Amino acid sequence: MEPEDFDSEDKEMLSWDINDMKLPQNVKKTDWFQEWPDSYEKHIYSSEDRNAQRHLSSWAMRNTNNHNSRILKKSCLGVVVCSRDCSAEEGRKIYLRPAICDKARQKQQRKRCPNCDGPLKLIPCRGHGGFPITNFGKHDRRFIFLQSKGEHDHPKPETKLEAEARRTMKKVHTASASVPLKLKESPEAKIKHTLPR
DNA sequence: AGTTGCGGGTTAA
DNA sequence: TTAACCCGCAACT
């Protein structure tokens, strides 16, 4: 029940900051990838970890320029909800994943709730002194250091995979509802269009 | 069409 | 100086 009594190496594992000149090198055990880092967590991953390499997160995080090529910084985009606060089966709420790209996000906000067709609303993240949570990542020799600052003050959005699945789902739906594939124009018809008059 | 990383640039505290 | 954010580019999926 008493998890204190760290030795000096353990202390080093916990006291580093992403901005330190030298980060711990004598890491005994790397963390398993955490997809929902929150509340000022710090993690040390193996450089082999694919998810860590890509600085992935299940929060919708966008790259932000901190003018430091050694440290990658990202900030949270929050979550997209139904403005009518509708409920799906079993009272489940709609928590869509904000599109990462600015243009795609603007387009997204004009779309409708997939459940009740009401307008959507983007809830911004304000968990870091009123500003979005920021994540910092640094690849250093054999390790990848990840530090998150702030506590998310909003529900979790769909994961990347869930959002992806939703998109392709819609595609299949609209495709099957549209004109039977490839009955548009024969090559001959195309030539007729382009005949000289 | 959307994600991710990069880096120049702006703005406000 | 620091941190948030805008913008376009390019690679990749």
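Given the structure is predicted, the values throughout are model-derived calculations rather than measurements. Naming convention: chains lettered A, B, ... in sequence-line order (proteins, then strands); numbering from 1 in each chain.
For the pair A:His128 NE2 and C:dT2 P, the interatomic distance rounds to 15 Å; values are reported in whole Å. Atoms CG (A:Asn63) and C1' (C:dA10) sit 13 Å apart, rounded to a whole Å. Taking atom CZ of residue A:Arg54 and atom C1' of nucleotide C:dC12, one finds them 10 Å apart after rounding to whole Å. Across the protein-nucleic acid pair, A:Arg105 atom CZ and C:dC5 atom C1' stand 11 Å apart, rounded to whole Å.
On the nucleic acid side, DNA chain B has its first and last nucleotide under 4.0 Å of a heavy atom of chain A at B:dG2 to B:dG9, going 5' to 3'.
Using a 4.0 Å cutoff on non-hydrogen atoms, the parts of residues 65-78 of chain A near DNA chain B are A:Asn65, A:His67, A:Ser69, A:Leu72, A:Lys74, ordered by number.
Listed for the A:Tyr45 side chain is a donor-acceptor partner under 3.5 Å among the backbone atoms of A:Gln34.
Toward the 5′ end of DNA chain C lies the nearest nucleotide of A:Phe131, the other residue of the pair A:Asp102 and A:Phe131 mapping further downstream.
Heavy atoms from other residues, nucleotides or ligands lying under 6.0 Å from CH2 of A:Trp36 number more than 12.
To the nearest 0.5 Å, atoms OH (A:Tyr95) and CD (A:Glu158) are separated by 12.5 Å. In this structure, the separation between OG on A:Ser75 and NE2 on A:His128 is 11.5 Å, given to the nearest 0.5 Å.
The aromatic rings of A:Trp59 and A:His152 sit parallel, their planes meeting at an angle under 30°, below the 60° perpendicular limit.
Backbone-only contact: A:Lys107 has heavy atoms under 4.0 Å from sugar-phosphate atoms and none from a base.
Under the side-chain hydrogen bond (donor to acceptor under 3.5 Å, both in side chains) criterion, A:Glu41 pairs with A:His43, sequence neighbours left out.
By the 4.5 Å heavy-atom criterion applied to side chains, A:Lys74 and A:Ser57 are not counted as neighbours. Annotation: side chain of A:Arg112 is in contact with side chain of A:Pro119 (closest heavy-atom distance under 4.5 Å).
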